[in-house]
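What follows is a single structure, written as structure tokens, with notes after it.
Keep in mind that this is a model prediction, so the values were computed, not measured. All residue numbers refer to positions in the sequence shown, counting from 1. Only this structure's heavy atoms are used, side chains among them; waters, hydrogens and symmetry mates stay out.
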Amino acid sequence: LIQSAEAQCKYQHEKKIIMGFSQIGAESAWRAANTDSIKAEAEKRKDCFELKFSDAQQKQENQIKAIRSFIAQGVDVIAFSPVVESGWEPVLQEAKKAGIPVILSDRAVDVQDESLWVTFMGSDFVEEGRRSAKWLVENYEKVKREDKSMDEVNIVELVGTVGSAPANDRYEGFREVLKDYPNFKILATQSADFTRAGGKQVMEAFLKAHGDKIDVVYGHNDDSALGAIQAIEEAGFKPGKDIIIVSIDAVRGAFEAMVEGKLNCTVECSPLLGPQMFDAAEDLMQGKKIPRRIVTQEGVFPMEVAEEVLPTRKY
Ligand code: GYE
């Protein structure tokens, strides 16, 4: 091992591993925590890594440019979090031709040629959608406003970034569970782009169109739900009481909202992918075989546990 007090490298490397990482942007608290996790890990392993970090500001074309520039610079490994699933084949073929292995961090890609990436680490987004729906069908009766009926529960959905793996999968997993509960109806569904501003804006439109018909908000991420909470309050309703809210990520802001009684449940999706990403890169450089899929383990946190859990949260 490289000798230094801070060295956190797994192996001794002859020269520093150069990793190019293309981040999506800074759309949410989740994303900010993910960026911090990656940068903090790079800092810990600075004796054996050089990280080239590039922010795509939400645009696939910027990610493609960044990947091309990593190839041109001859990096040892490329990692990225693909903003959408489709459209990666050409640039990943270029990386393959250059002999540079590609790690998918957080989100999946949809490509024909499976040899274009070595490993995909991140959450099971379909399962997160299922967990959100399961929490809802199992708890709605208990948490709903007394005068609300169980015969028809009207849900509005704040979809994530259109075409992204988490939006596609959270949409699908949620419906997979709800199809067995015909009284739970999806009244409206629209993209809030995983942002607070988007959540607020889309919720305002939902409220305008459907008003107090809305019983539940399903947010594909916490930030969009937090934006919706603002819109609900401005419309004179009580979030968490008049309208039940479940969302995904389990970021600090969601716990704070739960402590205030404004959000009912958050389904965990961990952004702390830095350590395993650098581990995988080191293993690859050692010629070790690494798993194709590394799934993050995560939980579900209802409002009742928020106060107790909040101080232990790392993002
Ligand atoms: O849920 C959302 C973020 O890809 C899992 O992206 C990630 C999602 C996360 O903007 O908050």
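Cation-pi geometry between R293 and F120 is satisfied (NZ or CZ under 6.0 Å from the ring centre, within 45° of the ring normal). A cation-pi contact, defined as under 6.0 Å to the ring centre and within 45° of the axis, is absent between R68 and F70.
Open room surrounds CD on E308; 12 or fewer heavy atoms of other groups in view lie less than 6.0 Å from it. The 12-atom threshold is exceeded at CZ of F53, counting heavy atoms of other residues, nucleotides or ligands nearer than 6.0 Å. Around CD of E233, the count of heavy atoms belonging to other residues, nucleotides or ligands within 6.0 Å exceeds 12. No more than 12 heavy atoms of other residues, nucleotides or ligands sit less than 6.0 Å from atom CD of Q201.
Neither side chain, T195 nor D193, offers a donor N or O lying under 3.5 Å from an acceptor on the other. Defined by atom type and a distance below 3.5 Å, a donor-acceptor pair is present between the side-chain atoms of E85 and N168. Side-chain contact, E27 with Q58: a donor N or O sits under 3.5 Å from an acceptor N or O.
Expressed to the nearest 0.5 Å, how far CD of Q73 lies from CD1 of I78 amounts to 9.5 Å. Note that the NZ atom of K289 and the OG1 atom of T119 stand 10.0 Å from one another [nearest 0.5 Å]. Between the CD atom in Q276 and the CD atom in E41 there is a gap of 10.0 Å [rounded to 0.5 Å]. Note that SG of C48 and NZ of K16 are 8.5 Å apart. Values are rounded to the nearest 0.5 Å.
For the pair E157 and R170, the salt-bridge criterion is not met [side-chain N within less than 4.0 Å of a carboxylate O]. The pair E43-K39 fails the salt-bridge criterion, with no side-chain N (NZ, NE, NH1 or NH2) lying under 4.0 Å from an Asp/Glu carboxylate O. Contact check on R31 versus D223 returns no salt bridge, with no Lys/Arg side-chain nitrogen under 4.0 Å from an Asp/Glu carboxylate oxygen. A salt bridge is absent between E282 and K288; no separation between the charged side-chain nitrogens and carboxylate oxygens falls under 4.0 Å. By the 4.0 Å N-to-carboxylate-O rule, K262 lies close enough to E260 to be salt-bridged with it. Salt bridge K52/E50: present, at least one basic N to carboxylate O contact under 4.0 Å. Look at D76 and K15 and you find a salt bridge, because one of the NZ, NE, NH1 or NH2 atoms lies within 4.0 Å of a carboxylate O, short of that distance.
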Please tabulate, for side-chain N and O atoms in residues 204-213, each donor-acceptor pair with protein atoms closer than 3.5 Å (sequence neighbours left out).
unit_1, atom_1, unit_2, atom_2, d
E204, OE2, K200, NZ, 3.0

Can you give the donor-acceptor pairs under 3.5 Å from side chains of residues 245-253 to other protein atoms, not counting sequence neighbours?
unit_1, atom_1, unit_2, atom_2, d
S247, OG, D222, OD1, 2.7
R252, NH2, R313, O, 2.6

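The closest donor-acceptor contact from the side chain of N183 to the backbone of M150 lies under 3.5 Å. Remark: side-chain polar atoms of Q60 are not paired, donor with acceptor, to backbone N or O of P82 under 3.5 angstrom. Checked by atom type and distance alone, the side chain of Q63 pairs as donor or acceptor with a backbone atom of V83 at under 3.5 Å. No donor-acceptor pair under 3.5 Å is formed between the side chain of W135 and the backbone N or O of N264. Between the side chain of S81 and the backbone N or O of D106 there is no donor-acceptor pair closer than 3.5 Å. Remark: side-chain polar atoms of T312 are paired, donor with acceptor, to backbone N or O of V309 under 3.5 angstrom. Looking only at distances, a side-chain donor or acceptor of H220 sits under 3.5 Å from a matching main-chain atom of G160. In terms of modelled atom types and a separation under 3.5 Å, the side chain of K238 and the main chain of D242 share no donor-acceptor contact. Under a 3.5 Å cut-off, the side chain of N34 and the backbone N or O of P271 do form a donor-acceptor pair. A donor-acceptor pair under 3.5 Å is formed between the side chain of S37 and the backbone N or O of G274.
Between M285 and P101, some side-chain heavy-atom pair lies under the 4.5 Å cut-off. Annotation: side chain of E114 is in contact with side chain of R292 (closest heavy-atom distance under 4.5 Å). In this structure, L284 and I290 have side chains that are in contact, with non-hydrogen atoms separated by less than 4.5 Å. Residues S123 and E298 form a side-chain contact, since some pair of their non-hydrogen atoms from C-beta on lies under 4.5 Å apart. I155 has its side chain within reach of F174: a pair of non-hydrogen atoms, C-beta onward, lies under 4.5 Å apart. The closest side-chain heavy-atom distance from I38 to L51 is below 4.5 Å. For the pair E152 and K185, the minimum side-chain heavy-atom distance is below 4.5 Å. When side chains are defined from C-beta on, I214 counts as touching M203, because their heavy atoms get closer than 4.5 Å.
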* Can you check side chain to side chain contact (heavy atoms under 4.5 Å, CB included) on I100 and V75, steps first, answer last? -> CA-CA 7 Å; I100 304 170; V75 301; 4.1 Å; yes
Determine whether W117 and F80 satisfy the following criterion, ring pair (Phe, Tyr, Trp, His ring centres under 6.0 Å), listing intermediate values before the conclusion. CA-CA 11 Å; W117 52 273; F80 78 118; over 10 Å; no
Could you go through the side chain to side chain contact (heavy atoms under 4.5 Å, CB included) check for D110 and W88 one step at a time? CA-CA 8 Å; D110 183 9; W88 298 104; over 6 Å; no
### Task
Take Q286 and D283 through the side chain to side chain contact (heavy atoms under 4.5 Å, CB included) test and state the conclusion after the steps.
CA-CA 5 Å; Q286 290 291 308; D283 283 342; 5.5 Å; no
Intermediate values then yes/no, side chain to side chain contact (heavy atoms under 4.5 Å, CB included), F49 and C9:
CA-CA 9 Å; F49 270 99; C9 310; 5.6 Å; no
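Heavy atoms only, all atoms of each residue included: M121 and A280 are closest at CE-CB, 3.8 Å. Taking both residues in full, the closest heavy atoms of A167 and F194 are given as N-CZ, 4.2 Å, listed atom of the first, atom of the second, then distance. The minimum heavy-atom distance linking A33 with Y315 is given by the pair CB-CB, 3.6 Å. Scanning all heavy atoms of the two residues, the minimum distance from G199 to L158 falls at O-CD2, 4.3 Å. Listed here is the closest heavy atom pair of A66 and S54: CB-OG, 3.4 Å. The minimum heavy-atom distance linking L116 with K96 is given by the pair CD2-CD, 3.8 Å.
No continuous path of hydrophobic side-chain contacts links V153 to I243 [ILVMFWY only; heavy atoms under 4.5 Å]. Under a hydrophobic-cluster definition in which Ile, Leu, Val, Met, Phe, Trp and Tyr are linked whenever side-chain heavy atoms come within less than 4.5 Å, directly or via other members, L226 and L310 are assigned to the same cluster. Criterion: ILVMFWY side-chain heavy atoms under 4.5 Å apart, direct or through other members. Under it, M258 and W30 are not part of a common hydrophobic cluster. No single ILVMFWY cluster, assembled from side-chain heavy atoms under 4.5 Å apart, contains both Y218 and Y171. Under the 4.5 Å side-chain contact rule for hydrophobic residues, M277 and I294 share a cluster.
The side-chain contact (heavy atoms from CB on, under 4.5 Å) with V300 is formed by just one residue from the set E128, R131, K134; it is R131. With respect to F184, the side-chain contact (heavy atoms from CB on, under 4.5 Å) criterion is satisfied by exactly one of V137, V216, D215: V137.
Here F301 and F255 bring their ring centres to under 6.0 angstrom of each other.
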